[in-house]
Amino acid sequence: MGYQEHKAIVSQRQDTVRCAVITVSDTRDEASDKSGALIKSLLTENGHQVINYRIVTDDADRITTTIEQLAGQDDCQAILLNGGTGIGRRDVTHDVVDRLVSKRLDGFGELFRYLSYQEIGAAAMLSRAIAGVYRGRLIFAMPGSTAGCRLAMEKLILPELTHLGWELSR
C-alpha cells in the first residue's frame, strides 16, 4: 500500500485524539499563557479533545512528574508541551523528553527547525524541539513562543495527529 492509499484510509477514520497540554514556564499563569491557549484552541478547532491543561515551572522533576501522571491516564493519547526548549540555563524540557521517550520522531525537530529557518533565519538552530513516544503516548515539545507553537501545530502536528494516533493504536 502506498502512502496516499494509507493516508486515505486513516483520514476516513476522523478519530479524535485526546490531548494534554503543558506549558513550561516560570512566569506564565493561565491568563498570560497565550501559547497554551493557542494550542488548546487549534486542537479543538481541528476535532481533537483537550483532556488536561497544566502550567509547570522550568524544573526537570516537575516536568517529569507531570508527564508521568498524564501518561498514566487511560484517556490521554498525546502530550503537547510548550516552553523550555531553548538553550537557556532553565530550559530543560528537551532534556526531560529526550530521556523519557522510547521512540523518537526525529523528523519533527528537523522539520520544525527547517520551517523556522525559513521564517527567522539562523536563530532557528537555537530550538531543541523534540517529539517521540512515551508509554504508548505521543509527546511533542515545542518552543514557548506563540509563533513557534503556531508553526509546529499548523505545519507539523495537526496535519499528522490523527495518523500518529492511529499508528499507536493499531
Side-chain angles (χ1 to χ4, degrees), residues 14-59 62-73 75-86 88 90-98 100-101 104-105 107-116 119-120 124 126-168:
Q14 298 292 319
D15 286 344
T16 294
V17 177
R18 294 177 309 280
C19 304
V21 176
I22 302 171
T23 294
V24 178
S25 175
D26 290 334
T27 59
R28 293 184 188 168
D29 59 19
E30 195 165 344
S32 64
D33 183 18
K34 292 184 169 115
S35 295
L38 174 69
I39 294 167
K40 292 187 299 180
S41 175
L42 289 171
L43 285 168
T44 56
E45 288 171 15
N46 284 272
H48 302 291
Q49 185 180 2
V50 177
I51 55 114
N52 205 306
Y53 164 71
R54 299 184 191 181
I55 298 175
V56 299
T57 58
D58 287 292
D59 175 82
R62 289 189 182 176
I63 297 166
T64 301
T65 299
T66 303
I67 292 170
E68 288 174 347
Q69 288 171 351
L70 293 167
Q73 295 180 356
D75 64 343
C76 183
Q77 296 172 285
I79 301 169
L80 290 78
L81 297 100
N82 74 92
T85 60
R90 300 276 298 154
D91 291 329
V92 296
T93 303
H94 172 276
D95 306 308
V96 169
V97 173
D98 186 51
L100 291 176
V101 295
R104 286 176 178 73
L105 294 171
F108 174 76
E110 294 163 357
L111 286 167
F112 179 81
R113 283 179 285 281
Y114 170 75
L115 294 168
S116 292
E119 291 187 8
I120 64 170
L126 278 69
S127 173
R128 298 188 306 147
I130 185 173
V133 177
Y134 172 64
R135 292 176 48 193
R137 274 58 172 182
L138 298 165
I139 186 165
F140 298 93
M142 60 194 109
S145 74
T146 305
C149 288
R150 181 176 299 282
L151 176 70
M153 292 297 293
E154 291 180 347
K155 299 287 186 178
L156 299 171
I157 297 170
L158 290 170
E160 291 298 323
L161 189 57
T162 298
H163 180 202
L164 289 163
W166 179 78
E167 287 289 344
L168 282 181

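Values below: all heavy atoms of this structure, side chains included; hydrogens, waters and symmetry mates excluded. Values in this document were obtained by computation on a predicted structure and should not be read as measured data.
The CG atom of Leu158 sits 4.5 Å away from atom CG of Asn46, with the distance rounded to the nearest 0.5 Å. Here the straight-line distance linking atom OG1 of Thr162 with atom CG of Asp15 works out to 6.5 Å at 0.5 Å rounding.
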**Report entry** Steps toward side-chain contact (heavy atoms from CB on, under 4.5 Å) verdict (Gln77, Ile51)
**Finding:** CA-CA 10 Å; Gln77 296 172 285; Ile51 55 114; over 6 Å; no
Report task. Verify side-chain contact (heavy atoms from CB on, under 4.5 Å) between Leu161 and Cys19, making sure each step is shown before the conclusion. Result -> CA-CA 10 Å; Leu161 189 57; Cys19 304; 4.0 Å; yes
**Report entry** From CA spacing to verdict: side-chain contact (heavy atoms from CB on, under 4.5 Å), Phe112, Lys155
**Finding:** CA-CA 9 Å; Phe112 179 81; Lys155 299 287 186 178; over 6 Å; no
Query - Check against side-chain contact (heavy atoms from CB on, under 4.5 Å), Asp59 and Thr64 - result: CA-CA 9 Å; Asp59 175 82; Thr64 301; over 6 Å; no
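Without hydrogens or angle criteria, Asp26 side chain to Asp58 main chain gives a donor-acceptor distance under 3.5 Å. The backbone N or O of Ser127 sits nowhere less than 3.5 Å from a side-chain atom of Thr85 that would complete a donor-acceptor pair. With hydrogens and angles disregarded, no donor-acceptor distance shorter than 3.5 Å links the side chain of Thr65 to the backbone of Arg62.
The side-chain hydrogen bond (donor to acceptor under 3.5 Å, both in side chains) search around Arg137 returns none, not counting sequence neighbours. With sequence neighbours left out, the side-chain contact (heavy atoms from CB on, under 4.5 Å) criterion links Ser41 to Glu45. Under the salt bridge (Lys or Arg N to Asp or Glu O under 4.0 Å) criterion, Asp91 pairs with no residue at all, not counting sequence neighbours. The side-chain contact (heavy atoms from CB on, under 4.5 Å) search around Thr44 returns Val50, not counting sequence neighbours. Applying the salt bridge (Lys or Arg N to Asp or Glu O under 4.0 Å) rule to Asp95 yields the partners Arg128; only residues at least two apart in sequence or on another chain are considered. Checked against side-chain contact (heavy atoms from CB on, under 4.5 Å), Val56 has the following partners two or more places apart in sequence or in another chain: Ile22, Val24, Ile63, Thr66. Arg135 is linked by a side-chain hydrogen bond (donor to acceptor under 3.5 Å, both in side chains) to nothing, counting only residues two or more places apart in sequence or in another chain. Applying the side-chain hydrogen bond (donor to acceptor under 3.5 Å, both in side chains) rule to Asp33 yields the partners Thr23, Tyr53; only residues at least two apart in sequence or on another chain are considered. Applying the salt bridge (Lys or Arg N to Asp or Glu O under 4.0 Å) test to Asp98 and every residue at least two apart in sequence or in another chain returns Arg104. Under the side-chain hydrogen bond (donor to acceptor under 3.5 Å, both in side chains) criterion, Arg113 pairs with no residue, sequence neighbours left out. Under the side-chain contact (heavy atoms from CB on, under 4.5 Å) criterion, Asn52 pairs with Ala20, Arg54, Leu70, Gln73, not counting sequence neighbours.
Arg28 has its side chain within reach of Asn82: a pair of non-hydrogen atoms, C-beta onward, lies under 4.5 Å apart. Side-chain contact between Leu42 and His48 is absent, with no heavy-atom pair separated by less than 4.5 Å. With contacts defined as side-chain heavy-atom distances shorter than 4.5 Å, the pair Met153/Leu80 qualifies. Inter-residue side-chain proximity for Leu156 and Leu115 is flagged as met; some heavy-atom pair is nearer than 4.5 Å.
Taking each heavy atom of Ile157 and Phe108 in turn, the nearest pair found is CG1-CE1, 3.7 Å. Between Leu105 and Leu164 the shortest heavy-atom distance is CD1-CD2, 4.3 Å.
Crowding of Glu30 atom CD: a count of heavy atoms from other residues, nucleotides or ligands under 6.0 Å not exceeding 12.
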Could you go through residues 140-152 and list every donor-acceptor pair under 3.5 Å that involves a side-chain atom there, pairing it with any protein atom two or more places apart or in another chain?
| unit_1 | atom_1 | unit_2 | atom_2 | d |
| --- | --- | --- | --- | --- |
| Ser145 | OG | Gly148 | N | 2.9 |
| Thr146 | OG1 | Ser35 | OG | 3.2 |
| Arg150 | NH1 | Glu154 | OE2 | 3.0 |

